[in-house]
Amino acid sequence: MQAARVDYIAPWWVVWLHSVPHVGLRLQPVNSTFSPGDESYQESLLFLGLVAAVCLGLNLIFLVAYLVCACHCRRDDAVQTKQHHSCCITWTAVVAGLICCAAVGVGFYGNSETNDGAYQLMYSLDDANHTFSGIDALVSGTTQKMKVDLEQHLARLSEIFAARGDYLQTLKFIQQMAGSVVVQLSGLPVWREVTMELTKLSDQTGYVEYYRWLSYLLLFILDLVICLIACLGLAKRSKCLLASMLCCGALSLLLSWASLAADGSAAVATSDFCVAPDTFILNVTEGQISTEVTRYYLYCSQSGSSPFQQEDLLAIQLLLNSSESSLHQLTAMVDCRGLHKDYLDALAGICYDGLQGLLYLGLFSFLAALAFSTMICAGPRAWKHFTTRNQAMLFGRNPRYENVPLIGRASPPPTYSPSMRATYLSVADEHLRHYGNQFPA
């Protein structure tokens with residue numbers, strides 16, 4: 001009983017991303033069919049990146065406006081307001097840190113998913129490449145045997161049995177069958193160019209994927225280091241660490257929006273391919289491989305007929321025992337099930353793991369941009385808070401009581417010890433009596 005054929009079904013996120021409007025740089029609609037060589041299609045993907053650039057610009061405008069307002073706002077001397085600002089800075093930093101950590105966690109998962117999908121694609125390409133190379137090797141070897149080795153043996157037997165007409169008739173029949181085998185083998189497509197293209201595609205995928213994975217890993221590390229600097233800066237009340245956090249946060253904000261633009265464009269382009277991968281492959285292989293052969297491997301319908309006439313190969317295989325092993329292996333290799341499985345595995349790697357990973361990486365970029373925007377907004381308030389505390393320490397006052405109103409200039413600072421308090425009060429009373437006698441009320 002034949003196993004049920006597994007078909008490819010585009011997941012819902014592919015359909016959703018494919019429905020994103022494709023617009024050119026002149027704001028004209030563009031066909032959403034995957035066509036990476038088309039200039040208008042490339043412009044539509046570039047337009048998606050420009051949308052992210054516009055969002056970055058709006059984000060920077062908001063941050064600049066907020067920083068200007070924060071730097072020019074009037075200083076509030078109320079104790080409750082100071083305490084409220086300190087608490088607000090703390091909670092803002094906590095929320096920003098939590099968002100950043102969540103973004104990095106999502107990013108790690110998305111990076112791993114994309115990497116798994118890319119390597120599944122590479123494995124499928126290499127497996128299909130191995131199959132095509134094996135077919136070419138078997139065809140070449142079997143043809144060589146039929147044309148050279150078998151012909152030599154038949155010629156030698158014809159000389160030996162020249163006087164026996166019935167033997168010569170049998171040898172002639174074998175020669176005809178050998179010629180039929182050669183004709184059948186010559187009808188098989190040559191996969192040399194296909195294997196070269198698959199090898200090139202696999203190498204390029206591995207090269208790009210390695211540096212993509214490494215770039216995101218470095219970005220994750222940068223984000224975590226910035227969060228650590230922010231925590232240390234707030235804990236130690238260091239303006240130097242705070243300034244470093246603001247500069248690195250601005251850099252990470254730019255990188256987050258840039259990665260979001262790249263992820264968005266790549267995800268939409270991948271979804272356009274995943275909606276109708278068969279159509280794109282048929283268009284690409286047109287003129288290189290017979291459409292009938294391409295459809296045979298893409299769809300692998302059990303009810304359809306093979307373009308390689310495998311029944312004839314099986315019959316010839318039974319007649320020519322000397323080539324039985326090679327023909328049997330060749331018959332198995334040209335069957336569509338193995339290559340069709342590689343095709344489905346490649347689509348699963350691209351459209352499931354790979355595209356899901358890109359979506360998670362896009363979510364990471366957005367959350368990271370949100371986290372660092374929050375950190376940058378909290379920076380000026382923390383800077384002013386640190387400045388106030390430093391000034392208080394410079395004049396010898398405890399910052400916790402710097403705004404508590406004194407009930408007269410003779411009241412001692414609350415940080416004095418009891419002995420210093422008593423001495424201070426006695427001196428103050430003498431001054432009051434002395435000046436009270438000179439300047440009676």
When rounded to the nearest 0.5 angstrom, what distance separates CD in Glu39 from CG in Leu25? 9.0 Å
Could you tell me if the side chain of Leu253 sits less than 4.5 Å from the side chain of Leu63, heavy atoms only? yes
Would you check if the side chain of Asp136 reaches a backbone N or O of Val190 as a donor-acceptor pair within less than 3.5 Å? no
Should Thr114 and Asp353 count as side-chain neighbours, where that means a heavy-atom distance under 4.5 Å? no
I'd like to know if the side chain of Tyr216 and the backbone of Gly107 have a donor-acceptor N/O pair within less than 3.5 Å. no
Distance (rounded to the nearest 0.5 Å) between Cys55 SG and Leu60 CG: 11.0 Å
Test side-chain hydrogen bond (donor to acceptor under 3.5 Å, both in side chains) on Ser32 and Asp272; report intermediate values, then the result. CA-CA 7 Å; Ser32 60; Asp272 294 339; 5.2 Å; no
Asp345: salt bridge (Lys or Arg N to Asp or Glu O under 4.0 Å) partners, not counting sequence neighbours: Lys341
How many angstroms lie between atom CD1 of Ile226 and atom SG of Cys231, to the nearest 0.5 angstrom? 12.0 Å
Please report the C-alpha distance between Ser373 and Asn59 in whole Å, then the side-chain angles of each, then the deciding distance to 0.1 Å, and finally whether the side-chain hydrogen bond (donor to acceptor under 3.5 Å, both in side chains) criterion is met. CA-CA 8 Å; Ser373 296; Asn59 192 0; 3.1 Å; yes
State, yes or no, whether a side-chain contact exists between Leu228 and Leu232 at a heavy-atom distance under 4.5 Å. yes
Among residues at least two apart in sequence or on other chains, which ones pass disulfide (SG to SG under 2.5 Å) with Cys100? none
Suppose we call two aromatic rings close when their centres sit under 6.0 Å apart. Are Tyr123 and Tyr119 close by that rule? no
Passes side-chain contact (heavy atoms from CB on, under 4.5 Å), Asn111 versus Leu361? Steps please. CA-CA 7 Å; Asn111 201 31; Leu361 288 175; 4.1 Å; yes
Neighbour count above 12 (heavy atom, 6.0 Å) for Leu58 CG: yes
Interatomic spacing from CG in Leu50 to CG in Leu45 - rounded to 0.5 Å: 11.0 Å
Is there a side-chain hydrogen bond (donor to acceptor under 3.5 Å, both in side chains) between Ser365 and Ser259 once you walk through the steps? CA-CA 6 Å; Ser365 300; Ser259 64; 2.6 Å; yes
Aromatic ring pairing Trp257/Phe366, orientation class (parallel under 30°, perpendicular over 60°, tilted between): perpendicular
Verify whether the ring centers belonging to Phe220 and Phe108 lie closer than 6.0 Å. yes
Take atom CH2 in Trp213; do more than 12 heavy atoms of anything else shown fall under 6.0 Å from it? no
side-chain contact (heavy atoms from CB on, under 4.5 Å) for Asn31 and Tyr41? Distances and angles first, verdict last. CA-CA 7 Å; Asn31 189 359; Tyr41 183 79; over 6 Å; no
Listed by chain and number, what are the disulfide (SG to SG under 2.5 Å) partners of Cys351, not counting sequence neighbours? Cys274
Any chance the side chains of Asp263 and Tyr360 put a donor and an acceptor closer than 3.5 Å? no
Is the shortest side-chain N to carboxylate O distance from Arg212 to Glu209 below 4.0 Å? yes
Look at the aromatic rings of Phe273 and Phe280 and report parallel, tilted or perpendicular, splitting at 30° and 60°. perpendicular
Above 12 or not: heavy atoms from other molecules or residues under 6.0 Å from CD of Gln28? yes
